[in-house]
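Only one structure is covered here, and it is reproduced in the block below.
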Amino acid sequence: MKPEYSIAEELGYRHYGKYFNLSLSFFNYNFTNRQITSSSLVEGTTITTSLNGGGQTTRGISGEISLPRWHHFTPYFSGQYLHATTDNNLASNGTYLPTAGKVAVLSPKFSGSIGLSYDDGHVFGNFAFNYVGSEYSTFMNDEKIPSYETANLGIGYRFNDVFFLKRPQLQLNLTNLGNNHYLSGAWGLTTNAHNTLATDGHTVIKGSAPTYITGGNFTGLVSFTSGF
């Protein structure tokens, strides 16, 4: 593997005030010999390797905003727009795949989160809705992970001190409320999922399917914690 290096430019703004808190950032990264980790099964053994993703340009904007507490409620919003592309054709089987200009792998264009928390000193809770846009799992952009949404909820009660227990609390956490069945990422990336004609115009590079990570099902967890 050739060493990876990058040039990065970032510009941001932060505001902390009485009426809202805001963080906004613009970024631009240029990578050379982009190293991307991938895994595969070889005779039942997991082998982790680094793939040379060539040059990559990544730019976008991300931001988050929170509002002050109102009647014990605090809202929160965050989001990101990402535009990432592969800058050159990738070597494969003694020739090259036409990957220049393709969207970079594992780079969702849009992602975001909406949250709402509540805390009156005893009763507390939080709700979060998350969205992740679709993302490609091959450098040829011929297979991708669909977009997905998840929602999580946590509620609890904080007691007064009881004997030697300091601020004991009982909490219930619920994840993936809708029991959404989704793919949360790629475990093994490939250059192309389908047979693809190389840049030389006559070599066909055989495709291979990526492997994926499945998201967790609906889960509930009750916990009791305390200080001493």
Side-chain angles (χ1 to χ4, degrees), residues 1-12 25-62 79-112 130-150 181-215:
M1 290 293 295
K2 296 180 180 180
E4 173 191 301
Y5 65 90
S6 64
I7 300 174
E9 301 88 25
E10 299 178 355
L11 177 65
S25 62
F26 301 86
F27 54 88
N28 181 74
Y29 306 132
N30 289 282
F31 297 91
T32 299
N33 298 320
R34 178 70 159 140
Q35 293 186 12
I36 300 173
T37 301
S38 180
S39 300
S40 60
L41 283 176
V42 179
E43 296 181 353
T45 301
T46 300
I47 303 297
T48 301
T49 58
S50 292
L51 303 176
N52 189 333
Q56 180 177 316
T57 299
T58 301
R59 55 175 58 105
I61 178 174
S62 64
Q80 177 176 272
Y81 169 78
L82 181 67
H83 180 71
T85 56
T86 302
D87 297 335
N88 52 274
N89 297 327
L90 298 183
S92 179
N93 295 343
T95 183
Y96 291 88
L97 280 167
T99 55
K102 301 289 186 182
V103 177
V105 296
L106 304 181
S107 301
K109 181 172 289 188
F110 295 103
S111 59
N130 306 296
Y131 171 82
V132 178
S134 61
E135 48 193 312
Y136 288 105
S137 53
T138 67
F139 291 92
M140 278 301 300
N141 293 174
D142 53 2
E143 192 164 307
K144 65 180 179 180
I145 302 169
S147 62
Y148 63 90
E149 306 86 23
T150 58
H181 299 281
Y182 64 97
L183 300 176
S184 62
W187 184 71
L189 300 167
T190 62
T191 54
N192 52 303
H194 306 288
N195 294 345
T196 303
L197 189 65
T199 56
D200 60 16
H202 59 81
T203 302
V204 175
I205 299 177
K206 185 178 180 181
S208 58
T211 53
Y212 298 100
I213 302 170
T214 57

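Side chains included, hydrogens not; waters and symmetry mates left out as well; all remaining heavy atoms used. If you read the sequence from its start, that first residue is 1, and numbering goes on from there.
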Check whether Thr199 reaches the backbone of Tyr96 with its side chain - one donor and one acceptor, N or O, closer than 3.5 Å. yes

Output all residues satisfying ring pair (Phe, Tyr, Trp, His ring centres under 6.0 Å) with Tyr148, sequence neighbours left out; order by chain, then residue number. Tyr182

Would you mind listing every ring-ring contact (aromatic ring centres under 6.0 Å, His included) that reaches into residues 25-51, with sequence neighbours excluded? Phe27-Tyr29

Are Thr203 and Asn93 close enough that some pair of their side-chain heavy atoms sits under 4.5 Å apart? no

Does any non-hydrogen side-chain atom of Lys206 lie less than 4.5 Å from one of Asn195? yes

Check the pair Thr214 / Leu183 against side chain to side chain contact (heavy atoms under 4.5 Å, CB included), numbers first and verdict last. CA-CA 4 Å; Thr214 57; Leu183 300 176; 4.0 Å; yes

Partners of Asp142 by side chain to side chain donor-acceptor pair (under 3.5 Å), sequence neighbours excluded? Thr138

Return the OG to NZ distance between Ser50 and Lys2, rounded to the nearest 0.5 Å. 15.0 Å

Are side-chain heavy atoms of Glu135 and Val105 found at a separation under 4.5 Å? no

Exercise: identify the closest heavy-atom pair between Pro3 and Asn33: O-ND2, 3.3 Å

Please identify each residue that fulfils ring pair (Phe, Tyr, Trp, His ring centres under 6.0 Å) with Tyr212, with sequence neighbours left out. none

Report the residues that fulfil side chain to side chain donor-acceptor pair (under 3.5 Å) with Thr48, sequence neighbours left out, ordered by chain and then residue number. Ser39

Option passing side chain to side chain contact (heavy atoms under 4.5 Å, CB included) with Tyr136 (candidates Glu143, Lys144, Lys102): Lys144

Please report the shortest heavy-atom distance between Pro98 and Thr196, naming the atom on each side. CD-CG2, 4.4 Å

Of the non-hydrogen atoms in Ser137 and Pro210, which two are nearest, and what is the gap between them? OG-CG, 3.6 Å

Suppose we screen for side chain to side chain donor-acceptor pair (under 3.5 Å). Which residues come up paired with Gln56, at least two apart in sequence or across chains? Thr58

Which heavy atom in Leu106 sits nearest to a heavy atom in Ala186, and how many Å separate them? CD2-CB, 3.8 Å

For Tyr131, what residues pass the ring pair (Phe, Tyr, Trp, His ring centres under 6.0 Å) criterion, not counting sequence neighbours? none

Any side-chain heavy atom of Leu51 sitting closer than 4.5 Å to one from Leu90? no

Verify, without hydrogens or angle tests, whether Thr211 (side chain) and Gly188 (backbone) share a donor-acceptor contact under 3.5 angstrom. yes

Name all residues meeting the side-chain contact (heavy atoms from CB on, under 4.5 Å) criterion together with Ile213; count only those two or more places apart in sequence or in a different chain, and write none if there are none. Ser184, Trp187

Please identify each residue that fulfils side chain to side chain donor-acceptor pair (under 3.5 Å) with Asn28, with sequence neighbours left out. Glu9, Arg59

For Glu149, salt bridge (Lys or Arg N to Asp or Glu O under 4.0 Å) partners two or more places apart: none

Backbone N or O of Val103 within a donor-acceptor pair of the Asn141 side chain at under 3.5 Å? yes

Any pair counted as side chain to side chain donor-acceptor pair (under 3.5 Å), so long as it reaches residues 80-92, sequence neighbours left out: Thr57-Asp87

Sorted by chain and number, sequence neighbours left out, side-chain contact (heavy atoms from CB on, under 4.5 Å) with His202 holds for Asp200

